[in-house]
Q: 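Can you read through this structure? Questions will come right after.
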Amino acid sequence: MFPQRKLGTQGLKVSALGLGCMGMSEFYGAGDEQESIATIHRAIELGCTFLDTADMYGSGKNEELVGRAIKDRRQKVVLATKFGNVRGPNGEFLGVKGTPEYVKQACDASLKRLGTEVIDLYYQHRVDKTVPIEDTVGAMAELVKAGKVRFLGLSEASPKTIRRAHKVHPISALQTEYSLWERDPEDEILATVRELGIGFVPYSPLGRGFLTGQFKRFEDLAPDDFRRMSPRFQGENFQKNLDLVAKIEEIAREKHCTSAQLALAWVLAQGEDIVPIPGTKRRKFLEQNLEAINIKLTPKDLARIDEVAPKGVAAGARYPERAMAALDV
């Protein structure tokens with residue numbers, strides 16, 4: 001059996017590695033629905049049953065894709081989705097919304113797209129700074145009472161917001177970016193969620209694919225790939241971050257694994273309460289990622305990785321300036 005881990009104290013158990021489905025519908029170049037669905041089916045077959053999507057991915061298309069993929073195997077998966085990032089009819093980003101009325105509307109719409117009666121883990125994707133978190137989580141708690149949602153989560157929330165939210169209803173998981181090139185959660189976030197008994201779900205544990213070593217030039221990114229707008233993929237930052245990957249690849253070779261597998265093994269080694277959700281839209285990379293569960297890093301390995309990838313090592317901000325300004329900090 002694929003190992004499982006607990007998220008929070010409310011009874012949520014998931015596979016120790018999840019599958020991020022975002023790139024199957026948008027952001028990372030052209031998708032292939034047939035291969036994407038085959039990838040989800042292969043994940044479930046191998047025991048990776050924690051699936052992550054959101055209503056904004058592909059403006060609802062990703063939820064629909066995931067819904068089709070799990071239609072005949074719903075009981076085998078732990079299904080997570082998110083609300084809060086609002087998009088317009090042409091895919092334009094309209095802002096963040098966390099009003100109680102919108103929470104309920106968004107949930108009903110997600111349930112319909114996913115073709116299910118209940119969402120296992122429902123996250124607020126981004127914190128709406130214009131609405132008290134107590135109001136948003138209060139509405140989310142009503143969804144639990146109504147049987148539409150089993151467990152609650154937050155994404156990219158600050159320690160202060162997490163504490164306030166957790167008082168309204170137990171939060172089972174916090175999803176925030178965390179990897180060898182994004183270690184800011186080590187400042188306060190990890191200590192906060194552990195104090196409160198909240199599980200931690202790192203997204204982009206492979207640095208949006210950069211830590212896999214597949215990108216050698218900026219031009220390797222498809223013209224419509226949103227990573228072209230990321231400061232870490234631009235100009236001098238690209239080369240500096242490539243130098244970091246070369247050091248990680250060197251350690252990976254010694255461990256007889258890929259740099260991606262080493263990066264995932266490192267995240268997994270940070271605690272039994274951590275469940276990374278690397279994204280992929282291809283079976284080949286899914287299978288490679290899942291092998292990370294078998295890589296054991298010794299204290300010596302971890303110390304060496306810390307030397308080459310200390311906190312703050314990545315060059316450039318993780319999001320463009322406007323997106324960084326919208327985060328709950």
Side-chain angles (χ1 to χ4, degrees), residues 7-8 20 22 27 52-57 80-87 93-104 106-107 110 121-141 143 149 151-179 181-205 207-208 226 229-232 273-277 311-312 314 316-329:
L7 287 177
M22 179 186 79
F27 298 112
D52 183 89
T53 181
D55 61 3
M56 78 160 286
Y57 301 159
T81 192
K82 317 176 201 71
F83 75 92
N85 281 319
V86 186
R87 299 180 69 174
F93 182 63
L94 300 180
V96 176
K97 197 169 185 179
T99 63
E101 298 77 20
Y102 182 74
V103 171
K104 296 168 186 176
C107 181
S110 286
L121 176 58
Y122 199 42
Y123 295 98
Q124 181 184 23
H125 205 162
R126 289 291 184 271
V127 175
D128 183 345
K129 298 177 184 178
T130 69
V131 177
I133 192 65
E134 290 83 359
D135 293 354
T136 303
V137 176
M140 294 169 72
L143 296 174
V149 170
F151 302 95
L152 301 186
L154 299 175
S155 179
E156 290 286 0
S158 67
K160 182 179 178 181
T161 298
I162 296 166
R163 290 182 185 281
R164 288 170 56 192
H166 196 63
K167 287 180 180 178
V168 177
H169 187 281
I171 301 298
S172 292
L174 174 74
Q175 183 174 141
T176 292
E177 186 173 354
Y178 185 50
S179 69
W181 79 345
E182 183 49 53
R183 297 179 60 173
D184 283 355
E186 295 172 5
D187 285 343
E188 289 184 76
I189 292 291
L190 281 172
T192 300
V193 295
R194 283 172 171 157
E195 176 193 333
L196 299 173
I198 298 171
F200 188 66
V201 179
Y203 73 84
S204 294
R208 306 188 192 285
F226 100 110
M229 296 184 292
S230 169
R232 292 188 178 174
D273 55 348
I274 293 179
V275 180
I277 49 169
K311 183 176 174 296
R318 59 192 180 104
Y319 281 113
E321 188 175 346
R322 182 180 174 186
M324 288 297 292
L327 294 176
D328 178 43
V329 293

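Residue numbers start at 1 and run along the sequence shown.
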Q: Look up atom CZ in R163 and atom CD1 in I171, then write down how far apart they are to the nearest 0.5 Å.
A: 13.5 Å

Q: Give a yes or no on whether the backbone of E188 and the side-chain of T192 come within a donor-acceptor separation of less than 3.5 Å.
A: yes

Q: Can you check whether H169 reaches M140 side chain to side chain, under 4.5 Å on heavy atoms?
A: no

Q: Less than 4.5 Å apart, any side-chain heavy atom of V127 and any of V96?
A: no

Q: Are the side chains of V275 and F200 in contact, using a 4.5 Å heavy-atom criterion?
A: no

Q: Closest approach of L196 and H166, non-hydrogen atoms and distance?
A: O-NE2, 3.3 Å

Q: Dump the intermediate steps for side-chain contact (heavy atoms from CB on, under 4.5 Å) on S172 and I198, then the final yes or no.
A: CA-CA 5 Å; S172 292; I198 298 171; over 6 Å; no

Q: To check you understand the geometry: which heavy-atom pair defines the closest contact between A106 and F83, and what is its length?
A: CB-CB, 3.8 Å

Q: At their closest point, which heavy atom of S230 faces which heavy atom of A317, and how far apart are they?
A: OG-O, 4.3 Å

Q: Identify whether the distance between the nearest side-chain nitrogen and carboxylate oxygen of K311 and E182 falls below 4.0 Å.
A: no

Q: For A173 versus L121, what's the shortest heavy-atom pair and its separation?
A: CB-CD2, 4.1 Å

Q: Would a distance-only check, ignoring hydrogens and angles, find a side-chain to backbone donor-acceptor pair under 3.5 Å from T176 to S155?
A: no

Q: Any chance you could lay out the side-chain contact (heavy atoms from CB on, under 4.5 Å) test for V103 and Q124, step after step, and finish with the verdict?
A: CA-CA 9 Å; V103 171; Q124 181 184 23; over 6 Å; no

Q: Please tell me if the side chains of D128 and Y102 come closer than 4.5 Å, counting only heavy atoms from C-beta onward.
A: no

Q: For H125 together with Y57, are the ring centres under 6.0 Å from each other?
A: yes

Q: Given Y123 and L154, is the side-chain contact (heavy atoms from CB on, under 4.5 Å) satisfied, shown in steps?
A: CA-CA 5 Å; Y123 295 98; L154 299 175; 5.7 Å; no

Q: For residues L152 and P170, report the shortest heavy-atom separation together with the two atoms involved.
A: CB-O, 4.2 Å

Q: Does the side chain of Y178 come under 3.5 Å of the side chain of E186 through a donor N or O and an acceptor N or O?
A: yes

Q: Run the side-chain contact (heavy atoms from CB on, under 4.5 Å) test on R164 and V137 for me, step by step, so that the C-alpha distance in whole Å, both residues' side-chain angles and the decisive distance to 0.1 Å come before the verdict.
A: CA-CA 9 Å; R164 288 170 56 192; V137 176; over 6 Å; no

Q: Verify, without hydrogens or angle tests, whether D273 (side chain) and G199 (backbone) share a donor-acceptor contact under 3.5 angstrom.
A: no

Q: Only counting residues at least two apart or in another chain, list the ones meeting side-chain contact (heavy atoms from CB on, under 4.5 Å) with K167.
A: none

Q: For the residue pair R126 and L327, establish whether any side-chain heavy-atom pair is separated by less than 4.5 Å.
A: yes

Q: Quick check for you: to the nearest 0.5 Å, what is the distance between T161 atom OG1 and L174 atom CG?
A: 10.5 Å

Q: Find out whether V201 and L7 are in side-chain contact, i.e. whether some heavy atom of one side chain is under 4.5 Å from a heavy atom of the other.
A: yes

Q: For the aromatic rings, using the six-membered ring if either is Trp, is the centroid distance between Y122 and F151 under 6.0 Å?
A: no

Q: Using 4.0 Å as the upper bound for N to carboxylate O, is an ion pair formed by R318 and E156?
A: yes

Q: Can a salt bridge be assigned to the pair K82 and D52 using a cut-off of 4.0 Å between side-chain N and carboxylate O?
A: yes

Q: If you measure only the distance, is there a donor-acceptor pair under 3.5 Å linking the side chains of S158 and D328?
A: yes

Q: Would a 4.5 Å heavy-atom cut-off, applied to side chains only, mark M22 and Y203 as touching?
A: no

Q: Might you point out which heavy atoms bring S179 and S204 nearest each other, and give the distance in Å?
A: CB-O, 3.6 Å

Q: Can you find a pair of side-chain heavy atoms, one from D135 and one from T99, that are under 4.5 Å apart?
A: no

Q: To the nearest 0.5 Å, what is the distance between CZ (R183) and CG (L190)?
A: 10.5 Å

